[in-house]
Amino acid sequence: MLDSATSILNALQSGDVTACEVVEKSLAAIDSTQSSINAYTHVARESALAAAQQVDTDRKAGKTLGPLAGLPVAVKDVLCTNNMPTTCSSNMLRDFVPPYDATVVARLKAAGAIVMGKTNMDEFAMGASTETSAMGLTRNPWNPEYTPGGSSGGAAASVAAGTVPLSIGTDTGGSIRQPAAFCGVTGLKPTYGRCSRYGLVAFASSLDQAGPMGWSVEDVAVAMQAMAGYDPADSTSVDHDVPDYRAVLASTDLRGIKIGVLRDSTNQDGVSDSVRKAVSDAEKVYRELGAEIVEISLEHSPYWVPTYYVIAPCEASSNLSRFDGAHYGFRAAEGARAGSDSEGADEMGPLESMYRNSRAAGFGSEVKRRIIVGTYALSEGYYDAYYNQALKVRRLIRGDYDAAFTQADLLLGPVTPSPAFALGENKDDPIAMYLCDLFTVGANLAGVPAISLPAGQDESGLPVGIQLQAPVMEESRLLFAGNAFQSVTQHHQARPTGVSA
């Protein structure tokens, strides 16, 4: 019942099931998997049941309902939710309950979707394995000894574990697409500005974007239809018409479409054989569907990761400066001595001491690392050498994409260098963890949309994904090509065994 958003909606509309039955099934699935997977930081049991009862009452009364009425969804714990904790999986915000909903959450609710709870994530979305969460790590439903990816690991795992048919994540450098690939689900990062950022707790403001995850492209299209659109409350929101995303799925004929294969990506050292095979097989599928395959090279792709890891920490340093123990969030107890053994600590005044002790205790090690990097790069004497240079390279990267899309309609390549890695494998190696973003950060730096599609499994049974990228505001093109791929393959129909409900 929780396998497909579209099938659930059809069953609800036909009267085969009630919203209460669907929500109860979702809650049962959460209860049976939470101890082993830990996909959720909060389960909204009472409010979900109440919302389901209201949907059933309204449907029985013949009232007009939203297109997602009665559909369970999970929301990443970085998006504000009224009367529900929004912790960013950090001790800094452990007790924070926002007085409002993020716009994308409000729009899903307005469409009738029922929020089942908040999903676990890397602290403040900083990580690639959901191991930096202050709420405990999340496990991959395909193999609990492996990571589900990050930072939206809980959002991906909540779908893969069968607890909800749709979840909402955020993507700053690959944080929807990488966990989607690791968990064998479909994940879409929209164009920057396509979905409102209002109510999204900022990590890197010029990069963050909310997007949906589900088993299939059709399910993701259903969510995008509700989420997308201009929001005057968000200064980065783009005022652009929202097309009918489901309508573009009617055809699977790709004749006349050019797909550019990023051969430089698959030929890099460190890319696993299973990832290379997935991309190669996808290329063959697209040829059979009528697409023309061309080879594309993005000249400045070797600079994606270093550019991202200057810009993102700089913006994080600025955004997270508000968490100082004074305005909101965690405040260290009076007399706390976090960091008091460092030089000059005994000479601090009470205000500086509160700032220092609150941030030392409230933030985890990865968040502190990125704040320090960003503060250094923004400091006097280094701004021009690092941050300003990174902005110049970012413009070159966007130029690469602009040029590529004059030669091809879509770009095809890997999502990650390998399938999911074991928990703990890269936890103490920041560089190895950062390289998980090798093929994903380019889309964020350029602001273009990208989608991760299930494309097979490796020899151990772990999912492998492929990535399609499109020009700005061309989510329809991604959904069209992604659905065509899924119409002739069964990778998105594979399910983990032994864990999912």
Side-chain angles (χ1 to χ4, degrees), residues 171 173-178 180-181 186-195 207 209-214 216-218 220-221 223-225 227-229 238 240-263 265 279 282-283 285-287 289-298 301 304 397-415 439-455 465-487:
D171 194 309
S175 291
I176 288 174
R177 291 159 289 156
Q178 184 247 29
T186 301
L188 173 66
K189 183 206 88 71
T191 302
Y192 181 79
R194 170 58 94 180
C195 294
L207 300 165
Q209 185 63 199
M213 285 186 262
S216 69
V217 168
E218 186 177 15
V220 166
M224 270 298 291
Q225 200 67 59
M227 295 169 58
V238 177
H240 196 282
D241 290 342
V242 178
D244 185 339
Y245 290 121
R246 294 189 72 178
V248 305
L249 309 183
S251 172
T252 59
D253 184 356
L254 295 185
R255 286 176 294 182
I257 298 292
K258 285 187 178 182
I259 296 180
V261 177
L262 300 175
R263 198 77 67 199
S265 298
V279 175
E283 182 181 339
V285 168
Y286 279 118
R287 273 204 175 95
L289 287 167
E292 179 184 349
I293 303 297
V294 297
E295 292 198 12
I296 296 291
S297 179
L298 299 174
S301 59
W304 287 359
I397 290 168
R398 175 59 186 268
D400 290 345
Y401 275 95
D402 290 343
F405 288 126
T406 65
Q407 304 171 59
D409 300 297
L410 294 161
L411 302 180
L412 168 66
V415 183
F439 305 129
T440 53
V441 295
N444 299 85
L445 291 167
V448 302
I451 193 168
S452 173
L453 303 168
I466 59 166
Q467 179 176 214
L468 292 174
Q469 301 177 77
V472 166
M473 292 295 165
E474 288 293 345
E475 287 81 8
S476 292
R477 198 179 297 179
L478 287 177
L479 296 170
F480 166 55
N483 183 65
F485 179 78
Q486 293 185 346
S487 72

message: Taking the side chain as everything from C-beta on, heavy atoms only, tell me whether Leu453 gets closer than 4.5 Å to Gln486.
response: yes

- request: Would you check if the side chain of Arg477 reaches a backbone N or O of Asp409 as a donor-acceptor pair within less than 3.5 Å?
  value: yes

query: Is there a donor-acceptor contact under 3.5 Å from the side chain of Gln209 to the main chain of Cys195?
result: yes

task: Starting at CD1 of Ile259, measure out to CZ of Phe485 and round the result to the nearest 0.5 Å.
output: 10.0 Å

- prompt: Leu412 and Glu283: side chain to side chain contact (heavy atoms under 4.5 Å, CB included), yes or no, with the steps?
  reply: CA-CA 8 Å; Leu412 168 66; Glu283 182 181 339; 4.3 Å; yes

- line: Heavy atoms of Ile176 and Pro212 approach each other most closely as CG2-O, 4.3 Å

message: Can you tell me how far apart CH2 (Trp304) and CG (Leu445) are? Round to the nearest 0.5 Å.
response: 8.5 Å

- line: Taken to the nearest 0.5 Å, the spacing of Leu478 CG from Ser452 OG works out to 11.5 Å

- request: Please answer whether the main-chain N or O of Pro243 pairs with a side-chain N or O of Gln225 as donor and acceptor at a distance below 3.5 Å.
  value: yes

- prompt: Shortest non-hydrogen contact from Phe480 to Val248?
  reply: CD1-O, 3.5 Å

message: Quick one, Val217 and Ile451 - any side-chain contact, counting heavy atoms below 4.5 Å?
response: yes

field: Side chains of Tyr245 and Leu188 in contact at under 4.5 Å (non-hydrogen atoms)
entry: no

message: Looking only at the side chains, is there a donor atom on one of Glu475 and Thr191 sitting less than 3.5 Å from an acceptor on the other?
response: yes

- prompt: Hey, is the main chain of Thr440 close enough, under 3.5 Å, to the side chain of Lys189 for a donor-acceptor pair?
  reply: no

- request: Starting at CZ of Arg263, measure out to CD1 of Ile296 and round the result to the nearest 0.5 Å.
  value: 11.0 Å

- prompt: With a 4.5 Å limit on heavy-atom distance, are the side chains of Pro190 and Met224 in contact?
  reply: yes

query: If you take all heavy atoms of Ile466 and Ala282, which pair is closest and at what distance?
result: CD1-CB, 3.5 Å

- prompt: Between Arg177 and Asn444, do the side chains contain an N or O donor and an N or O acceptor separated by less than 3.5 Å?
  reply: yes

query: With a 4.5 Å limit on heavy-atom distance, are the side chains of Leu468 and Leu411 in contact?
result: no

Closest approach of Ala450 to Gln467 (non-hydrogen atoms, all atoms of both residues): CB-OE1, 3.6 Å

task: Might you point out which heavy atoms bring Phe439 and Val415 nearest each other, and give the distance in Å?
output: CB-O, 3.6 Å

- prompt: Could you state the interatomic distance from CD (Glu474) to OG (Ser476), rounded to the nearest 0.5 Å?
  reply: 7.0 Å

- request: Would you check if Gln407 and Val294 make a side-chain contact, meaning some heavy-atom pair closer than 4.5 Å?
  value: no

query: Can you tell if the side chain of Leu410 reaches within under 4.5 Å of the side chain of Tyr286, non-hydrogen atoms only?
result: no

message: Pairing donors with acceptors under 3.5 angstrom, does anything connect the side chains of Gln469 and Tyr401?
response: yes

message: Would you say that Asp400 contacts Arg398 through its side chain, given a criterion of any heavy-atom pair below 4.5 Å between the two side chains?
response: no

- line: Of all heavy-atom pairs linking His240 and Arg194, the shortest is O-NH1, 3.6 Å

query: If you measure from CZ on Arg255 to CD on Glu292, what distance do you get to the nearest 0.5 Å?
result: 14.0 Å

- prompt: Is a donor on one side and an acceptor on the other found under 3.5 Å between the side chain of Glu218 and the backbone of Arg246?
  reply: no

